[in-house]
Amino acid sequence: MDYRKSALEVLEHIGGNGNIVSAAHCATRLRLVIADNEKCSREALENIDGVKGVFEASGQLQIIFGTGVVNKVYDEFIAAAGIAAGTKEDVKQAAASKQNPFLRAVKTLGDVFVPIIPAIVASGLLMGLLEGLCNVFPGMADSGTYVIIHLFSNAAFVFLPILIAISAARVFGGNQFLGAVIGMVMIHPDLLNAWSVAGAQTIPTASAWFGLYDVNLVGYQGHVIPVVIAVWFMSVLEKKLHKIVPEIIDLFVTPLVTVLVTGYLSLTIFGPIFSAIENGVLSGVEYLINIPFGIGAMLCGGLYAPTVVAGVHHMYNALEAGLLSANGVNTWMPIATAANVAQGAAALAFAIRTKNQKTKAMALPASLSAFLGITEPAIFGVNIRFMRPFIAGCIGGICGAFIAGITGIGASAYGITGLFGFLITTDYSFQYLLVMAVSAAVAFVISWILFKEEKTVENQVVNKRKVTTEKNMVYAPLKGKVIDLAQVKDETFAGEVLGKGLAIIPEEGKIHAPFDGVVTTVFDTKHAIGLSTEEGLEILIHVGIDTVQLEGKYYETFVAEGDKVNAGDLILTVDLDGIKEAGYDTATPVIITNSDDYGRIELLKHGETEVAEGILKVEK
């Protein structure tokens with residue numbers, strides 16, 4: 001593909017470099033934060049060569065190009081935009097500043113819990129592996145090997161508050177070691193272990209706040225939110241002290257005051273209050289999931305994918321961690337799997353049925369990714385874009401979650417869904433398989449039934465003209481007056497950012513093919529068409545300046561992507577008077593987008609021209 005061309009088209013359809021706040025890329029996606037979303041044309045972005053999907057999440061515009069491609073497009077993008085390369089953290093910070101408080105809070109929870117997923121997964125897999133081996137070899141439970149492995153298989157759960165405290169301190173900008181101390185305080189051995197409370201004859205207490213009330217000296221094993229709140233306060237206090245404490249005593253005073261104040265508040269205020277709130281939330285979720293006849297689970301399964309679209313699904317990490325800490329069983333994971341697999345199956349049905357090769361090439365790998373637990377490519381690249389498969393996926397998720405609810409299955413970890421989920425559902429393998437099978441089957445069938453091919457325009461040739469063509473020649477696509485690109489009232493075209501060429505002030509609203517070739521791009525807004533010859537010459541015809549804002553009004557196309565055309569074929573008509581009345585310039589740039597491939601580009605015409613007159617000639 002032409003990486004520069006794709007990058008320039010991205011730049012054009014996000015509203016130009018003046019609309020960019022920050023830009024970075026990850027392994028597969030171009031991640032952008034833009035100032036004004038109204039200037040962005042998502043549909044046009046989706047039609048750019050190489051783009052496998054476009055979606056917005058966490059305040060970022062994310063354009064999927066795929067591994068090995070995105071970095072090359074990104075290099076061309078920042079060069080064309082004239083901006084400095086950013087990092088993913090830069091983009092996250094820029095995006096966070098644009099979000100509302102609720103979304104920022106959800107993102108923060110995700111930032112705290114996502115980094116500790118490997119530790120939770122390792123412990124969950126070890127626990128599952130031990131249980132599976134003991135089922136096959138019952139005598140193993142009495143062996144020293146079992147004792148040793150069991151000792152560290154649940155270590156991440158026993159000391160989960162410490163892991164959370166360290167991660168939270170990193171997110172909130174506090175000292176991670178002080179954060180670890182706060183986590184240790186909340187599960188100190190001198191406190192009654194929270195899991196032993198039920199069997200304890202008496203619960204130790206201590207007088208707090210000068211005798212105002214007594215607090216139970218019970219640890220916070222099984223709790224996550226109180227730790228996050230405590231470390232947030234610790235980080236705020238520590239940063240404030242660094243500003244006001246003289247540097248000569250800062251090293252001693254700040255840590256001392258931070259731990260003393262935060263520790264005391266954690267055991268007397270934060271812990272009691274937020275553990276009660278967390279218990280209420282977890283009880284509510286468990287009640288919802290366990291509503292008879294699987295009704296609650298069905299509701300959760302149906303809403304899961306929409307929360308992914310809204311970008312608030314990271315809150316489930318905290319929920320799953322809480323369920324594991326409190327009960328040792330994550331009953332949310334099978335519901336998430338049902339929703340994820342269903343979206344993948346819906347995308348798979350669409351991939352099989354569609355005749356659009358670009359959509360098929362995007363939908364098939366996206367569906368397989370969803371079966372492994374990564375749903376964003378399927379949801380944003382295919383299902384939401386065409387809506388019907390997304391609805392089918394939600395219905396499939398409801399049905400699969402129903403199976404999860406009535407069977408009561410759970411997992412021993414979080415962070416894994418889909419096919420890999422078998423690794424953490426040792427005792428529920430058949431039920432888990434049933435959840436996936438029902439989700440996939442229902443979503444696939446409904447998506448198949450609801451399928452409707454994308455609206456395309458038949459290759460309708462109007463007023464076809466016989467034109468004798470010459471190799472590497474571009475013929476006038478419309479009647480009018482030829483002017484230099486430098487005269488165009490748009491810096492992108494005038495500065496030859498998109499490539500060399502010319503512009504034509506049209507006298508009539510009929511645009512014809514400039515050579516024998518194939519249609520490579522038809523913008524959804526219909527204001528521009530890309531074509532290429534068999535020899536590789538690539539042309540962009542952009543009818544009007546900034547006319548993308550018209551969103552297709554006054555335009556009618558007669559070709560679709562992939563159509564073969566002959567020089568002189570009518571490919572587009574436009575109401576020139578309508579464009580002028582709307583306040584737009586009708587100047588039509590004709591650009592050789594791969595100008596760098598040619599050593600010489602000769603302008604053959606100035607002034608008045610007729611359709612099919614030679615206007616540009618190129619040489620390698």
Side-chain angles (χ1 to χ4, degrees), residues 1-42 44-46 48-100 103-115 117-118 167 170-173 308-314 317 362 365-366 369 374-377 379-381 384 492 497:
M1 60 179 286
D2 187 332
Y3 305 113
R4 178 173 176 78
K5 177 183 176 184
S6 295
L8 291 172
E9 290 178 358
V10 169
L11 183 61
E12 177 185 0
H13 297 306
I14 64 170
N17 57 357
N19 201 33
I20 302 172
V21 176
S22 183
H25 75 88
C26 60
T28 60
R29 307 169 194 169
L30 189 63
R31 295 173 176 264
L32 308 175
V33 178
I34 55 179
D36 185 357
N37 289 333
E38 295 298 323
K39 294 182 179 180
C40 175
S41 174
R42 177 171 167 174
L45 289 170
E46 289 172 341
I48 294 174
D49 184 27
V51 172
K52 295 179 173 61
V54 179
F55 65 95
E56 292 182 40
S58 302
Q60 301 176 32
L61 176 67
Q62 302 189 21
I63 306 172
I64 306 171
F65 279 99
T67 306
V69 175
V70 66
N71 54 314
K72 297 176 181 177
V73 174
Y74 177 72
D75 290 341
E76 296 288 353
F77 178 81
I78 60 173
I83 60 174
T87 65
K88 285 190 287 184
E89 286 303 316
D90 294 333
V91 171
K92 285 183 179 180
Q93 292 176 10
S97 65
K98 297 181 63 181
Q99 292 179 320
N100 61 50
L103 289 179
R104 285 203 299 270
V106 170
K107 175 186 177 297
T108 299
L109 279 179
D111 291 343
V112 170
F113 287 95
V114 168
I117 285 178
S167 182
R170 177 189 60 82
V171 171
F172 297 129
V308 173
V309 175
V312 298
H313 58 297
H314 292 300
N317 290 318
M362 174 177 60
S369 174
I374 308 298
T375 57
E376 282 87 348
I379 290 178
F380 294 105
I384 277 289
T492 301
V497 173

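Keep in mind it's a predicted model, so treat the numbers as computed, not measured. For this chain, numbers begin at 1 and follow the sequence in order.
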Could you give the distance from OG (Ser6) to CZ (Phe65), rounded to the nearest 0.5 Å?
5.5 Å

What's the verdict on side chain to side chain contact (heavy atoms under 4.5 Å, CB included) for His13 and Ile48, showing C-alpha distance, side-chain angles and the deciding distance?
CA-CA 10 Å; His13 297 306; Ile48 294 174; 4.1 Å; yes

What heavy-atom pair brings Asp36 and Asn19 nearest, and what distance separates the two atoms?
N-OD1, 2.8 Å

Please report the closest heavy-atom contact between Ala23 and Phe77, naming both atoms and the distance.
CB-CE2, 4.0 Å

Ile14 side, atom CD1; Cys40 side, atom SG - distance, nearest 0.5 Å
7.0 Å

For a quick test of reading the model, state the closest non-hydrogen atom pair linking Val112 to Pro115 and the distance between them.
O-CD, 3.5 Å

Do Asp2 and Asp49 touch side chain to side chain, with heavy atoms closer than 4.5 Å?
no

Closest non-hydrogen atom pair, Ala7 against Val73:
CB-O, 3.6 Å

So which heavy atom on Val70 is nearest to which on Leu30, and how close?
CG2-N, 3.5 Å

side-chain hydrogen bond (donor to acceptor under 3.5 Å, both in side chains) with Glu9: which residues, sequence neighbours excluded?
none

Distance from Glu12 atom CD to Leu45 atom CG, nearest 0.5 Å?
10.0 Å

What distance separates Arg31 CZ from Gln62 CD, expressed to the nearest 0.5 Å?
4.0 Å

Carefully, step by step, assess His25 and Asn71 under the rule side chain to side chain contact (heavy atoms under 4.5 Å, CB included).
CA-CA 7 Å; His25 75 88; Asn71 54 314; 3.8 Å; yes

Who are the side chain to side chain contact (heavy atoms under 4.5 Å, CB included) partners of Ala80, not counting sequence neighbours?
Leu8, Leu11

When rounded to the nearest 0.5 angstrom, what distance separates CG in Leu32 from CD1 in Ile20?
6.5 Å

